[in-house]
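Below you'll find the structure, written out as structure tokens, and then a few comments.
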Amino acid sequence: DTEVTQTPKHLVMGMTNKKSLKCEQHMGHRAMYWYKQKAKKPPELMFVYSYEKLSINESVPSRFSPECPNSSLLNLHLHALQPEDSALYLCASSGLAGGAYEQYFGPGTRLTVT
Amino acid sequence: AQSVTQLDSHVSVSEGTPVLLRCNYSSSYSPSLFWYVQHPNKGLQLLLKYTSAATLVKGINGFEAEFKKSETSFHLTKPSAHMSDAAEYFCVVSGYNKLIFGAGTRLAVHP
């Protein structure tokens, strides 16, 4: 089963709210990723976790806070977002971290910041 | 440094005709190359992957791609387009520790 699940599917939040995005995989993968995708653009890498440790942070603002509680779960905590943060947020996983490994993507969370 | 260029931002074909989506890459070492498809408001789905085992790679849904080192190309083809193939397609090259995405090609399929 090559499935990555994400919840919620849609999220609308105000600029003062705190919310979290959740991602789960049961493929035994040891690398997990968060991407941000704006309309008509390719995904942009935000964070990489390898063996539950943050290995890459692509200079993402601190209002985005990732967390990897265990090897199957990945969270993205959101606080004090701006309207320009509205986007599709995609989670992905791969067997190991590194560009040579194919990544499996979840369906995404459509985030709207009002 | 690794980079990837998708030569067409939009491709339009008629149902039942061949599909060709073009991709050129640049890499300082032997790369891994991927094609992903994204249907509207969906996540990305892996179509196929090249990792030097064979230059002609077969993927899901009748797609295939040929790795040509001399041309630094990895074009995606399908003999006969189906309406359900209408989507955004991304050519991707392996970076040192992440994937490098092309800008995408939007494929439209007309009846």
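Throughout, a chain's letter reflects where its sequence line sits, starting with A, and its residues are numbered from 1. No experiment lies behind these values; they were computed from the predicted model shown.
- For the atom pair OG (A:S94) and CG (B:L99), the distance works out to 8.0 Å, reported to the nearest 0.5 Å.
- Under a hydrophobic clustering in which Ile, Leu, Val, Met, Phe, Trp and Tyr are joined whenever their side-chain heavy atoms come within less than 4.5 Å, directly or via other members, B:L47 and B:Y25 fall into the same cluster.
- By the criterion of side-chain heavy atoms lying less than 4.5 angstrom apart, applied directly or through intervening Ile, Leu, Val, Met, Phe, Trp or Tyr residues, A:L74 is not grouped with A:I56; the two fall into different hydrophobic clusters.
- In this structure, no portion of A:Y33 lies under 4.5 Å from any heavy atom of chain B.
- The most heavy-atom pairs under 4.5 Å with chain B, out of A:A97, A:G106, A:P43, A:A31, come from A:P43.
- Ranked by heavy-atom pairs under 4.5 Å with chain B, the list A:Q37, A:K9, A:K41 is led by A:Q37.
- Cluster membership for B:I60 and B:V19, using ILVMFWY side-chain heavy atoms within less than 4.5 angstrom, is shared.
- Hydrophobic cluster membership differs between B:Y89 and B:L46, with clusters built from Ile, Leu, Val, Met, Phe, Trp and Tyr side chains linked at under 4.5 angstrom.
- Of all the heavy atoms in B:S94 and A:A100, the pair that sits closest is CB-N, 3.9 Å.
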ask   = Passes side-chain contact (heavy atoms from CB on, under 4.5 Å), B:K98 versus A:V48? Steps please.
value = CA-CA 9 Å; B:K98 60 184 178 181; A:V48 180; 5.6 Å; no
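- In this structure, A:P42 and B:G102 approach most closely via the heavy-atom pair CB-O, 3.4 Å.
- Within residues 29-44 of chain B, the residues having any heavy atom less than 4.5 Å from a heavy atom of chain A are, in residue-number order, B:S32, B:F34, B:Y36, B:Q38, B:N41, B:K42, B:G43, B:L44.
- Open room surrounds NZ on B:K69; 12 or fewer heavy atoms of other groups in view lie less than 6.0 Å from it.
- In the hydrophobic cluster analysis, where Ile, Leu, Val, Met, Phe, Trp and Tyr join through side-chain heavy atoms closer than 4.5 angstrom, B:Y50 is grouped together with B:F63.
- Checked for salt-bridge contact, A:K40 and B:E88 miss the test: no charged N lies under 4.0 Å from a carboxylate O.
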